[in-house]
Amino acid sequence: MKKDSKTGLTQDELDNLSFDDYDEAINPKPADTDFDAVVEMSLSRRSFMQGVLAFGGVATLGATGTALTSFSVEAADSRFGFTAVASSTADTIVVPEGYNWHIASRWGDPLFSDIPEFDHATRGTAASQAGAFGDNNDGMSLFSDKDGRQILVVNNEYTNRGVMWGNNPDGKYASDDDINKGKNAHGLTQVELKLTDDKWQIVKDSSYNRRFTPDEPMDITGPARGHDLMKTNADPEGVTALGTFNNCGNGRTPWGTYLACEENFNGYFGTTDAEGYVQDAAKKRYGVSGKDRGYGWWKVDDRFDVAKDPNECNRHGYITEVDPYDPTSKPKKRTALGRCKHENAEVVVNSDGRIAIYMGDDERGEFLYRYLSDGFYAEGSNTDDLMENGTIYVAKFSPDGTGKWLALTPETTGMDKATICIHTRMAASIVGATTMDRPEWVTANPLKAEVYCALTNNKNRGIKPNAGGDETPVGGPNPREANKYGQIVRWWPSNADHTANTFTWDLFVMAGNPTVHEGANAGSSNVNEGNMFNSPDGLAFDNKGLLWIQTDGNYSNEKDFAGQGNNQMLIGDPATGEIRRFLVGPKQAEITGIAWAADRRTVFVGVQHPGERGDSNWPDGGDKTPRSSIVAVRRDDGGPIG
Ligand code: FEO
Ligand code: CA
Ligand code: CA
Ligand code: CA
């Protein structure tokens with residue numbers, strides 16, 4: 001097979017890379033630099049212990065010089081009312097004894113009665129997909145209307161080409177309709193769900209049902225609206241974007257709207273002359289290379305041809321606000337929250353009424369952000385300004401267990417306000433933020449001023465700079481070189497004030513494999529043979545203040561990952577450090593997205609890309625096409641969960 005001249009890889013090899021590996025292959029990072037300084041920055045035993053002692057645990061020095069936390073959890077202290085499930089490599093869902101699960105909705109399920117049921121042989125058409133549940137569900141929220149009707153809004157992050165077009169001999173698109181089917185499988189799905197005979201089901205033709213495809217018109221709001229970088233051939237004013245896509249995690253506001261968060265938006269922009277296409281510094285930083293990931297949109301829609309329309313990519317990478325209660329409403333792309341590979345958006349109302357929004361940028365060596373509104377939230381008041389006027393901050397962690405939020409303003413960056421919102425990564429590099437191990441979901445404890453972020457893994461830690469050339473020293477909240485397993489960092493805003501510009505932090509857990517390694521890669525002391533996992537990604541607190549942890553990691557179940565099985569969901573107790581496994585997913589899937597029914601008697605959990613490498617027929621079994629799905633988990637006795 002022909003090899004790509006830039007990367008030396010075949011198209012099949014490129015297709016099988018993760019988003020990060022693909023971006024790195026296409027956009028090689030700057031050459032390795034002198035990491036002597038890095039060792040200086042690396043954690044001293046004393047400073048790490050200061051950073052990890054919040055449990056009153058005992059820190060011990062690991063084999064690599066990285067300190068690990070010890071917890072002393074007595075069984076009697078446990079707040080978990082379930083028995084841990086074992087790891088699993090089966091092509092099914094595993095839940096604890098006394099719990100059950102069923103499918104609430106799947107890729108291709110029709111939202112309307114004039115849309116046909118999913119066809120396993122053809123996998124549908126562009127037209128059927130536009131009226132059906134999208135593919136690869138990720139972040140989601142459930143809203144309750146005044147009559148108690150349950151409205152689910154969910155991101156449809158992307159598609160796996162080999163699954164979407166697995167009906168074609170080579171697993172690739174063969175027609176424009178194939179390309180448009182894949183395109184329409186992206187975006188968001190809004191659907192009413194109803195519990196009937198103990199099973200949640202789609203309410204077909206509900207007035208709430210709606211699909212947002214990558215062609216849905218959306219207002220561009222905030223500082224970047226109308227800026228030259230936002231002007232395109234089809235929209236010379238730079239005020240209306242079409243669509244949202246590659247939304248990963250999500251958020252919800254206290255005023256009842258949904259936040260979709262665009263992540264790897266760069267992979268959709270191609271051009272006929274990818275080899276001759278020259279990237280500017282900003283496109284390089286954001287990985288817009290002129291070579292798409294095989295979705296083909298630029299072949300059917302000129303705005304995705306980056307040579308023809310170089311600014312279209314600047315209109316993606318944002319957080320989009322959707323009003324689920326008004327199915328005719330026009331979504332708003334909130335540029336004030338900045339542009340990056342967003343993971344989710346955790347919205348907190350501070351004690352003074354200001355809004356803090358915590359956001360990770362999920363790429364190796366990128367940053368962790370906080371947005372603060374200028375205005376104050378009051379129930380029932382007009383909230384339109386809260387995500388329009390405010391300031392973005394970026395986190396700088398010190399190895400001594402303290403940290404600071406650095407404001408991104410014209411004064412601190414030398415960039416104008418609109419450009420800070422469009423080229424946020426570059427602004428954050430200027431102020432010297434801490435390069436992180438891929439910040440995924442952020443979640444705030446509802447019971448106290450405490451915030452957690454999953455740092456999923458980073459094979460470049462201590463080895464290569466980020467895409468902007470910022471060093472990635474080992475140390476602080478990123479304590480392991482070539483981090484394979486990931487960790488969860490948490491911080492406490494000074495004086496319990498989310499608007500404070502200082503905080504203290506520690507690591508809640510370092511994932512690892514104590515059956516394979518000693519020292520740092522065994523994980524922190526709250527990791528053991530019975531609960532080990534890798535690559536924490538989804539995070540959410542329940543209303544009791546327990547932390548639900550979802551994984552998107554290596555499911556090979558061998559070598560470094562032996563015994564960890566398929567991706568899974570665990571629950572952690574912030575007070576004791578205890579972590580217990582609650583659910584395991586099917587083969588080659590990640591577990592991502594979580595929402596509770598209004599009565600808390602069902603927890604909805606997302607299962608994304610089962611069989612992404614061809615080895616799953618979940619959930620329909622036999623020789624059926626694997627389908628990303630939302631699973632409803634309930635207790636056999638009907639009691640509340642979380
Ligand atoms: Fe789509 Fe950062 O995971
Ligand atoms: Ca994720
Ligand atoms: Ca991930
Ligand atoms: Ca994913």
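Throughout, numbering of the chain's residues begins at 1 and tracks the sequence. Atoms within a ligand are numbered from 1 in the order they appear, just like the ligands themselves.
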message: Going by side chain to side chain contact (heavy atoms under 4.5 Å, CB included), name the residues that satisfy it together with I103, two or more places apart in sequence or in a different chain.
response: W101, R106, W618, P619, S629, V631
message: Counting the benzene-type ring for Trp, do F561 and Y485 have ring centres under 6.0 Å apart?
response: yes
field: Heteroatom of E440 nearest to the Ca ion (ligand 3) (N, O or S, atom name)
entry: OE2
statement: The ring-ring contact (aromatic ring centres under 6.0 Å, His included) partners of Y173 (sequence neighbours excluded) come to W165
statement: Taken in chain and number order and not counting sequence neighbours, the residues that satisfy ring-ring contact (aromatic ring centres under 6.0 Å, His included) with H186 are Y268, Y295, W297
- request: Specify whether F143 and Y258 have parallel, tilted or perpendicular ring planes, treating 30° as the upper limit for parallel and 60° as the lower limit for perpendicular.
  value: perpendicular
query: Of K333, R334, R252, K332, which meets salt bridge (Lys or Arg N to Asp or Glu O under 4.0 Å) against E321?
result: R334
field: Minimum-distance atom from the Ca ion (ligand 2) among N, O or S atoms of E343
entry: OE2
message: Given I591, which partner from the list V584, T551, V605, N566 fulfils the side chain to side chain contact (heavy atoms under 4.5 Å, CB included) test?
response: V605
Metal site the Ca ion (ligand 4), protein N/O/S atoms found under 3.0 Å: 2
